Structure formats: structure tokens, C-alpha cells
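This report refers to the structure that appears directly beneath it.
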Amino acid sequence: MTGQAQNPHHVVIVGAGFGGLETTYRLAGAPVRITLIDRRNHHLFQPLPYQVATASLATSEIAWPIRSLVRNRPEVTTLFASVKGIDAAGRRVLLEDDTDVAYDTLVLATGARHAYFGHDEWEPFAPGLKTLEDATTLRRRILVAFERAERERDPARRAAWMTFVIIGAGPTGVELAGTIAELARSTLPPDFRSIDTHEARVVLIEAGPRVLGGFPEDLSAYTLTSLERIGVEVVLGQAVTECTADSVVYGGKRLDTRTLIWAAGVRASRAAEWLGAPADRAGRLQVAPDLTVPGHPESFAIGDT
Ligand SMILES: Cc1cc2nc3c(=O)[nH]c(=O)nc-3n(C[C@H](O)[C@H](O)[C@H](O)COP(=O)(O)OP(=O)(O)OC[C@H]3O[C@@H](n4cnc5c(N)ncnc54)[C@H](O)[C@@H]3O)c2cc1C
């Protein structure tokens, strides 16, 4: 008999990130069949896209096909699909292709997305770093910026190609700024003839009073010193007010740059809207201590959701 026929109780897990995959692993041996839905065909190790963006790791080192991760679990079905809503009364997950999947138990593990604080028009100029595609796009932009600088004769335009601005000094912004500085100062110098890549400016702009605002103050201070030691220019207490294709404005000043990276904010996925359930200011579903969604005892929300 197949796992499906043996186990009539159907658990649908939306999202095969950290939370969804761990739930699938922990349910091994339980009398259930599982459908694991993700809009990507791969699981991404979310803390490391910045290493791909800065050419330190290959994509295959931080992402794995979801199917192969559950290959030995016949009761698990993988569905490559994007969820657009939930019919809670009918206990059905609604997919973008207008089909649906019935569930007995629902686990929402859809994570977070970028938040541009009402300025979605900045996204093309200041892309974020959430997906594997984001990481390869950013890697191309960073490496091409050095190539363009190498061939640029005009000093001002060359300086703009050699200026890398990261908006937001949380973990992603700090790690990106540090790695781009190391790339410019340690990895690239012997490869270029016209430019000295040591002269690249890496500017990290943070609206709050310190880097790593969510961490203890002594760690923020240590991180600030470490960043400055490797040549990162850290700007604190200045909110960005404009992003364009060739500049950023903060604290009333315009800085010419061809590479802007957004690391300033994330917002939870739309799961709270799907269920019509209460969320906090970051859009995260509010859950009971057992992670069920109030009013929906058959639905759980986990991770960044
Ligand atoms: C630079 C960095 C460093 C970090 N370091 C740490 C650390 O050291 N320790 C730690 O605990 N955490 C760390 N984190 C945080 C951690 O990565 C996240 O908290 C974690 O990935 C959240 O897991 P999740 O399952 O909620 O979401 P995710 O892992 O983001 O997975 C969400 C999944 O849902 C899918 N999905 C989303 N919407 C839909 C939809 N509509 N339809 C279908 N599928 C959908 C996505 O494709 C994705 O696969 C770090 C994060 C970053 C960015």
C-alpha cells in the first residue's frame, strides 16, 4: 500500500523553507500523508544568499531540490505551486493556477518578503536579497560594476561604479557590506589593471542609531569597529529618502552610485490576509502558544510567518 492510502489524515504544509522542511522531517512516522507546497522547486538556506551575491559560494552550495530532500518519504508529495489564498471554511488551499488542495491540518510556513515602507518603486534600483535569483542578480550587478569602472575614463562616473551602497544594517546588510569590502580589498585587486579596487567605497546606511539594532549593544559596537577596520563607511541615524538608477539620497545628501542594495526591511508573507486572522505590525500571524491560529484550530503558523 502507498503512504497515501495508509494515511487518510492530510497535512498540507505551505513553504519548504526552514520551518516547512523541519515540520516535514518531524512528522516522519506519524499516521498522516503530507503535501508540501512551495512556489520554488528548491529549499534555500536563507542565511547565505549574500555569499552567492558576493561570489564566495556557488548556488548549489546553498540550495537543494525539495523533491530530493523528501525522496525517501513515500507519504510526502511535493507540489510546485504558488498559493494565493485559503478557503478556511472549506479547508482548501487555493493555488495561483485556480486549482486547490484540501487539508485536514494546515501548516503555514511561507516566511517573509521585502518591505520598502511604501516605496515599492525603489525595488528595481535597490533590489533585496531573499531568493536565489536575487543573489545571482546582485552578483552580476556587483561584478559588472567593477568591469564598467575598469573601462570608464570619466573620474566621476568611475567613482559611481565603484560606490556600493547597502541600505539597512541588520544581519543581511552588515554581512553584505563586510563581504563586498573584502571582495574589493582582498580578492579583486590583482585582477584589474586600470582601477585600484581598494578605492571602492562601501557605504552602509542605517536609519537607526546603531548597526545590528536587534542585538545587544556591545555586539553592535564590536561590529561597527570591525566594519570600519575593513573600510566600510557606516552612516547611522539617516533614513534614505530617494533611490534612483544612479543615486541615493539620505540626510539631504545625494550620493552617486550604480549599485544600491536593499537590506532595510522585511514583512511577513500574506498568510494573515489569507486567513483573515490578526497580525502584528510586521504582518506576522498572531498565534496561540501551541502555534495554532486563533479561531482556526486546524491551522498552524510557524517561522517568520
Ligand atoms: C543573512 C541572514 C542570516 C540569518 N541567520 C540566522 C541564524 O543564524 N539563525 C537563525 O535561526 N536564523 C537566521 N536567519 C533567519 C532565518 O533564515 C529565517 O528566520 C528562516 O529562514 C525563516 O524560516 P521560514 O520557514 O519561516 O521561511 P523561509 O525559510 O523563508 O521559507 C519560506 C518558504 O515559503 C515559500 N513561499 C512563500 N510564499 C509562498 C506562496 N505564496 N506559495 C508557495 N510557497 C511560498 C518560499 O518559496 C520559501 O521556500 C537569517 C536570515 C538571514 C537573511
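Ligands are counted one by one from 1 in listed order, and the atoms in each one are counted from 1 as well. Being a predicted model, the structure only gives us computed values, none of them experimental.
- No close placement of the Tyr222 and Phe215 rings is indicated, their centers lying 6.0 Å or farther apart.
- Within ligand 1, the atoms closer than 4.0 Å to a non-hydrogen atom of Arg40 are 47 (O), numbered from 1 in the order shown.
- In this structure, atom 44 (N) of ligand 1 lies nearest to the protein heavy atom Arg39 N, 3.2 Å.
- Within the structure, the closest approach of Trp274 to ligand 1 falls below 4.0 Å when heavy atoms are considered.
- In the hydrophobic clustering of this structure, Phe45 does not group with Val266; members are Ile, Leu, Val, Met, Phe, Trp, Tyr whose side-chain heavy atoms approach within less than 4.5 Å, directly or through other members.
- Inside a 4.0 Å radius of atom 23 (O) of ligand 1 there is at least one protein heavy atom.
- Less than 6.0 angstrom separates the ring centroid of Trp262 from the ring centroid of Tyr116.
- Nearest protein heavy-atom neighbour of atom 37 (C) of ligand 1: Thr110 O, 3.2 Å.
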Between Asp100 and Arg92, does a salt bridge (charged side-chain N to carboxylate O under 4.0 Å, His left out) hold up when you go through it step by step? CA-CA 6 Å; Asp100 56 55; Arg92 307 190 86 80; 2.8 Å; yes
For the pair Glu150 and Arg193, evaluate salt bridge (charged side-chain N to carboxylate O under 4.0 Å, His left out) and give the outcome as yes or no after the intermediate values. CA-CA 7 Å; Glu150 173 84 346; Arg193 301 292 173 262; over 6 Å; no
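- Annotation for Arg40: atom CZ counts as buried by contact number, over 12 foreign heavy atoms lying within 6.0 Å.
- Closest protein heavy atom to atom 1 (C) of ligand 1: Glu175 OE1, 3.2 Å.
- Among Pro171, Gly17, Pro49, the residue whose heavy atom lies closest to atom 28 (P) of ligand 1 is Gly17.
- Of the protein's non-hydrogen atoms, Asp38 OD2, 2.6 Å is the one closest to atom 49 (O) of ligand 1.
- Counting heavy atoms closer than 4.0 Å to ligand 1, residue Phe45 contributes nothing at all.
- Taken together through direct or relayed side-chain contacts under 4.5 Å among Ile, Leu, Val, Met, Phe, Trp and Tyr, Leu260 and Met162 form parts of separate hydrophobic clusters.
- Scanning all protein heavy atoms for the shortest distance to atom 29 (O) of ligand 1 gives Phe18 N, 3.2 Å.
- Close approach to Gly15 involves these atoms of ligand 1, each under 4.0 Å from a residue heavy atom: 33 (C), 34 (O), 35 (C).
- Looking at ligand 1, you'll find an N or O of Asp304 within less than 3.5 Å of one of its N or O atoms.
- Not counting sequence neighbours, the partners of Asn41 by the side-chain contact (heavy atoms from CB on, under 4.5 Å) test are Phe80.
- Within a 4.0 Å radius of atom 7 (C) of ligand 1, the protein has no heavy atom.
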Verdict with reasoning, Thr110 to Ser269, per side-chain hydrogen bond (donor to acceptor under 3.5 Å, both in side chains): CA-CA 6 Å; Thr110 40; Ser269 68; 2.5 Å; yes
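- Between the side chain of Ser247 and the backbone N or O of Thr244 there is no donor-acceptor pair closer than 3.5 Å.
- At least one heavy atom of Ala109 lies less than 4.0 angstrom from ligand 1.
- Shortest contact from atom 14 (N) of ligand 1 to any protein heavy atom: Pro47 CG, 4.1 Å.
- Residue contacts with ligand 1: Val83 is placed with a nitrogen or oxygen under 3.5 Å of a nitrogen or oxygen of the ligand (distance criterion only).
- The distance criterion of under 3.5 Å between nitrogen or oxygen atoms is not met by Gly303 with respect to ligand 1.
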Yes or no on salt bridge (charged side-chain N to carboxylate O under 4.0 Å, His left out) for Lys130 and Asp134, after CA distance, side-chain angles and deciding distance? CA-CA 6 Å; Lys130 221 50 200 109; Asp134 291 339; over 6 Å; no
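- At a distance under 4.0 Å, no protein heavy atom can be found next to atom 11 (O) of ligand 1.
- At the top of the distance list for atom 27 (O) of ligand 1, counting protein heavy atoms only, stands Gly111 CA, 3.3 Å.
- From the protein, the heavy atom lying nearest to atom 53 (C) of ligand 1 is Thr172 OG1, 3.4 Å.
- Of the possible donor and acceptor atoms, one in the side chain of Glu61 sits under 3.5 Å from a partner among the backbone N and O of Ala58.
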